[in-house]
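Note that the structure is predicted; figures quoted are calculated from it, not measured. Residue numbers start from 1 in every chain, and the chains themselves are labelled A, B, ... in the order their sequence lines are given, proteins ahead of strands. No hydrogens, no waters, no symmetry mates; every other heavy atom, side chains included, goes into these values.
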Amino acid sequence: MYVLKIEDYDLDILKILQSGQVFRYEILSEDSFVLIYQDHYVVVSKIDGGYQFECEPEEFQSIWYPYLGLDLDYQAINQSIIHADARFEGVIKEQMGLRILRQDPFEMLMTFIISQSKAIPQIRKLVNELSVKYGRYLGKVESIPIYAFPTSQALNHVKEEEFRDMKFGYRAPYLEDAVRLVNCDLVQLSKAQLPMLKQIKGVGDKVASCVMLFGLGDLEAFPVDVWMRKTMIYLYDDLGVKSKDIDIQNYGKKMFGKYAGIAQQYIFEYGRQIIKNL
DNA sequence: TCCCAGGTAGATC
DNA sequence: GATCTACATGGG
């Protein structure tokens with residue numbers, strides 16, 4: 001058992017789980033969750049003044065501390081973002097506790113290939129089905145079975161046809177290609193950069209940026225999707241409706257510098273709130 | 001029935 | 001290069 005005092009960190013696990021950056025988790029109640037990372041899972045409960053992790057302190061330090069990005073100083077990061085654009089003060093105050101997770105790179109690669117042209121609940125469903133079929137069974141929490149996301153080895157001989165049977169649609173050959181390139185080491189995920197990732201079929205700027213940001217902790221990565229696109233054009237007069245995604249990406253990277261990725265997460269949340277009211 | 005969803009590759013001009 | 005379009009599937 002390990003207790004994390006919230007006063008030492010800005011951390012809001014529910015906000016993180018609902019932010020669209022992570023798809024594998026369980027929400028047991030309003031203040032009780034299951035986090036999953038590779039072969040590990042942990043039950044976390046919100047208690048007075050903090051979070052209680054049902055694991056040994058050693059596991060917390062080696063797995064969940066880095067997973068939650070608790071080594072990053074969000075006070076300083078937030079100040080830097082507000083300094084770049086003062087309009088973010090309100091959004092950041094509202095989204096206090098939202099953090100970028102450091103998830104498994106292979107899982108991020110597969111997940112964001114799946115994500116294209118799909119709504120978040122659909123992505124979650126497909127990624128979970130993939131884990132149940134090919135991932136390792138880890139245990140049970142309140143009668144919910146918990147599976148690891150499959151390793152690249154576990155998916156090594158899965159054919160396009162099998163992915164299609166699982167309703168991955170036109171992404172099926174992309175998934176097969178991704179597994180193949182990772183397993184033959186043509187794409188070395190641990191030291192991947194954007195161009196390397198884009199060699200994989202079905203991986204463009206957006207998916208590659210998500211892998212860099214959510215899987216490899218590259219805080220400068222700035223994924224631009226339809227939401228980001230709309231919100232950035234709304235926020236910045238320099239950007240017009242016919243701006244290219246790459247220009248929007250470069251604009252954001254330039255504006256927010258080494259914390260562009262975190263700014264991106266705030267902008268994404270902001271966009272999800274306001275766009276439907278426009 | 002029609003339209004769109006955290007996109008991308010390939011064809012066409 | 002910039003602009004279409006097909007690509008599977010499910011939900012509103």
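Here, C:dG11 and B:dT8 have their C1' atoms 23 Å apart, quoted to the whole Å. If you take atom P in B:dA9 and the same atom in C:dG10, they sit 24 Å apart, rounded to whole Å. A distance of about 25 Å separates the P atoms of C:dT3 and B:dG6, rounded to the whole Å.
To the nearest angstrom, C1' of B:dG6 lies 6 Å from CD1 of A:I120. One atom, CG of A:L126, and another, C1' of C:dG11, lie 13 Å apart when rounded to the nearest Å. In this structure, A:R124 places its CZ atom 15 Å from P of C:dG11, rounding to the nearest Å. Rounded to an integer number of Å, the gap from A:I113 CD1 to B:dG7 P is 14 Å. In this structure, the NZ atom of A:K242 is 17 Å from the P atom of C:dG1, given to the nearest Å. Atom CZ in A:R272 sits about 13 Å away from atom C1' in B:dA5, given to the nearest Å. The separation between A:I123 atom CD1 and C:dT9 atom C1' is 13 Å, rounded to whole Å. If you take CD1 of A:I248 and P of B:dG6, they are 17 Å apart, rounded to a whole angstrom.
The pair A:E161-A:R164 fails the salt-bridge criterion, with no side-chain N (NZ, NE, NH1 or NH2) lying under 4.0 Å from an Asp/Glu carboxylate O. Between A:K133 and A:E129 there is no salt bridge, since none of the side-chain N atoms of the basic residue sits less than 4.0 Å from a carboxylate O of the acidic one. Residues A:D218 and A:K258 are not paired through a salt bridge, judged by the lack of any N-O separation under 4.0 Å between the basic side chain and the carboxylate.
Donor-acceptor pairing under 3.5 Å, judged by distance alone, is absent between the side chain of A:Q122 and the base of B:dG6. Contact annotation: side chain of A:K118 to base of C:dT9, donor-acceptor pair present below 3.5 Å.
Counting only heavy atoms from C-beta on, A:P223 has its side chain closest to B:dG6 among B:dG10, B:dG6, C:dA2. Taking every side-chain heavy atom of A:K244 into account, C:dA2 is the closest of B:dT8, B:dG10, C:dA2.
Evaluation of A:F268 against the base of B:dG6 yields a stacking contact (centre distance < 5.5 Å, interplanar angle < 30°).
Clustering ILVMFWY residues whenever any of their side-chain heavy atoms sit less than 4.5 angstrom apart, transitively, puts A:Y51 in the very cluster that holds A:L17. In terms of hydrophobic clustering, with Ile, Leu, Val, Met, Phe, Trp and Tyr side chains grouped at heavy-atom distances under 4.5 Å, A:Y137 and A:V34 are assigned to different clusters.
Heavy atoms of A:G20 sit under 4.0 angstrom from at least one base atom. Here A:S209 lies out of heavy-atom contact (under 4.0 Å) with every strand. Residue-level contact check: A:D245 touches neither bases nor backbone, having no heavy atom under 4.0 Å from any strand.
Of the residues in residues 158-191 of chain A, A:Y170 come within less than 4.0 Å of DNA chain B through at least one heavy atom, sorted by number.
Both A:V203 and A:V224 lie close to DNA chain B; mapped to their nearest nucleotides by heavy-atom distance, the more 5′-ward contact belongs to A:V224.
For A:K5 (side chain) and A:G49 (main-chain N/O), no donor-acceptor pair under 3.5 Å exists by modelled atom type.
Smallest separation of non-hydrogen atoms from A:Q199 and A:D177: O-OD2, 4.3 Å.
Two residues are said to be in side-chain contact when any heavy atoms from C-beta on lie closer than 4.5 Å; A:V158 and A:V179 fail this criterion.
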